[in-house]
Amino acid sequence: MRPAALEICENLKRYRKELHRRPMVQLFKNDANRFRKFSCNLGDLLFDYSKNYIDDHALAMLFELARAAGLEQKRDRLFAGERINETENRAVMHMALRNVSGNPMRVEGNDVMPEVRAVLARMKEFSQAVRDGSVAGSEEGAAFTDVVNIGIGGSDLGPVMVSMALRPWCNGPRLHFVSNIDGDDLTDTLAGLDPETTLFIVASKSFTTMETMVNATSARDWLVAHLGEAAVARHFVALSTNIDETGRFGIPEENTFGFWDWVGGRYSVWSAIGLSVMIAIGAEKFEEFLEGGHEVDRHFATASWDENIPVLMALIGIWHRNICDYPTHAILPYAQHLRRFPAYLQQLDMESNGKRVSLDGTPAACKTGPVVWGEPGTNGQHAFYQLLHQGSDIVPVDFLLAANPCHPLERHHEILSANCFAQSEALMVGKSLDQVKAQMLAEGTPEEEIERLAPHKVFPGNRPSNMILFDRLTPRTLGKLIALYEHKVFVQGAIWDINSFDQWGVELGKKLAVDLLPKVRGNEVAGIMDGSTAGQLAHFHRLRKDNTSS
Ligand code: G6Q
């Protein structure tokens, strides 16, 4: 964080102490306009951040902090297609993938829209052909019934999450996802699939990722064992920027869908990486998904900060992380179809902002990205909400809820919604010792029982949460939700002055795995640098031997 921004943080920390002197509900009592003031809308979507310990003054200082961090200039550089991913020497332009406006978008001066539209047009044509059976496993063959996306990280989490979220619109072939190098993933997926009617999509930007290449090779072996080598060209499709490697794998160029180095893996679901989703929901619905993302891009680029949802989400997050020192952030969608949304955001946020070095290579002067986690409600309520309400750490929360379900079970949706509102209220309002005692007394609990049990039943309250409330979980709404969080992550990275677009932290483990592989295969443990790893491997080899001999 820049020195001027750090100074504002110090002022905010002092001011926070003052704010925290009163209960959060008091802030509502003092200001009848509080909800209207600290919430905003984007179409049907409401972002309510009034249940946080902020007021006009705190928010004004947070805006000042964003200014001191150079947010506006950094946002302009993003949209101008400059190489803001400095450590990888790349621009960041995933917004072009959902630019449905017809206007140009430039990366270092060159309009990338013609290429983007060309790939999108090919994706549409191909997905339609798979859906109507005109592209099939053989000349006269039956239509593909199953599509297996093989990819990992950014080449998996997006399509998995989006296809789950948009299940009501999935009317194409069944989708499956294989990501883990653990052979169970591929084995379980292939069991029950008919090679004749199975299409494999190998999704890998680099086409060198070990997990994906090994899974793809094993899938290829499976197919060849059933249908012969010639079937590969019809049953395999590649999504990649590495055309040489896709060709070497045996996938013809007409079955390869490209994208560009300005599309980061965790931002790539809008690109060819979304092909599996397009096959499942159809091009028209996929286009609506893109439109939702684009709407947020325009909003982020043009709305004033006090109405700019990603900016507000980010600043509230900065408040929690840097001013209040809260270590984690929970994403709690009250939507079963969003059950992988927390995992998706975990990658988006933690891979982007889990950095301890500033852009200039010096240590970041403050805490950066929090641990992001979550599960859908109401399931989480029966598991970890205990800690949210009474734990010794405060966990800021984002609730997400659709006003209208995509299923016909109205009664379920009413109960689900009531639970969501109730949790957000309970976190803030809490229940005091006096209230607990009064209730126990009214219930006829004996005096000493009250004394013994009452402290355990106290809810401290004053715990912060945001609410994102929208009409229905449509492709357009999902596009909006993802883009809101993408830009939130960008704003926070800009304020922390870190590079949100690289991921060097995943490299060391990958390299060591390559070095250790021969030692896993053989049983020679010499040369391992630490006693623990050597001991683990020796034990591993003993167990492997026992298993082989039994
Ligand atoms: C995302 C990361 C990472 C990446 C995977 C897969 O931003 O870069 O999760 O998506 O490592 O990479 P490939 O698509 O190159 O196989």
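First listed ligand is number 1; within each ligand, the first listed atom is number 1.
In terms of protein heavy-atom proximity, atom 15 (O) of ligand 1 is closest to Ser206 OG, 2.6 Å. Looking only at protein heavy atoms, the nearest one to atom 1 (C) of ligand 1 is Glu351 OE1, 3.1 Å. Looking from atom 13 (P) of ligand 1 to the surrounding protein, the closest heavy atom is Thr209 OG1, 3.3 Å. In this structure, the protein non-hydrogen atom closest to atom 6 (C) of ligand 1 is Ile152 O, 3.2 Å.
Side-chain contact, Trp496 with Asn322: a donor N or O sits under 3.5 Å from an acceptor N or O.
Under the salt bridge (charged side-chain N to carboxylate O under 4.0 Å, His left out) test applied with Arg98, the options Glu288, Glu287, Glu295, Glu486 reduce to a single match, Glu486.
If you take CD on Gln503 and CD on Glu351, they are separated by 5.0 Å, rounding to the nearest 0.5 Å.
For ligand 1, one of its N or O atoms has an N or O atom of Arg266 under 3.5 Å away. Considering both main-chain and side-chain atoms, Gly154 comes within under 3.5 Å of ligand 1 through a nitrogen or oxygen pair.
Ring geometry, His94 versus Tyr267: the interplanar angle falls under 30°, so the pair is classed parallel (tilted spans 30 to 60°). Classified by interplanar angle (parallel below 30°, tilted 30° to 60°, perpendicular above 60°), the ring pair Phe144/His235 is perpendicular.
In the vicinity of Ser204, heavy-atom distances shorter than 4.0 Å reach the ligand 1 atoms 13 (P), 14 (O), 15 (O), 16 (O). Less than 4.0 angstrom separates some heavy atom of Gly265 from each of these atoms of ligand 1: 1 (C), 7 (O), 10 (O). Ligand-side atoms of ligand 1 in range of Ser155: 10 (O), 13 (P), 14 (O), range being under 4.0 angstrom from any heavy atom.
Looking at Lys355, its side chain never comes within 3.5 Å of a backbone N or O of Thr368 through a donor-acceptor pair.
Note that Arg476 lies outside the cation-pi zone of Phe289, set by a 6.0 Å cut-off to the ring centre and a 45° limit from the axis. Geometric assessment of Arg321 against the ring of Tyr326 yields a negative cation-pi assignment under the 6.0 Å and 45° thresholds.
Distance remark: protein heavy atom not present below 4.0 angstrom from atom 11 (O) of ligand 1.
Assignment of Gln347 to the shell around ligand 1 is supported, since a heavy atom sits closer than 4.0 Å.
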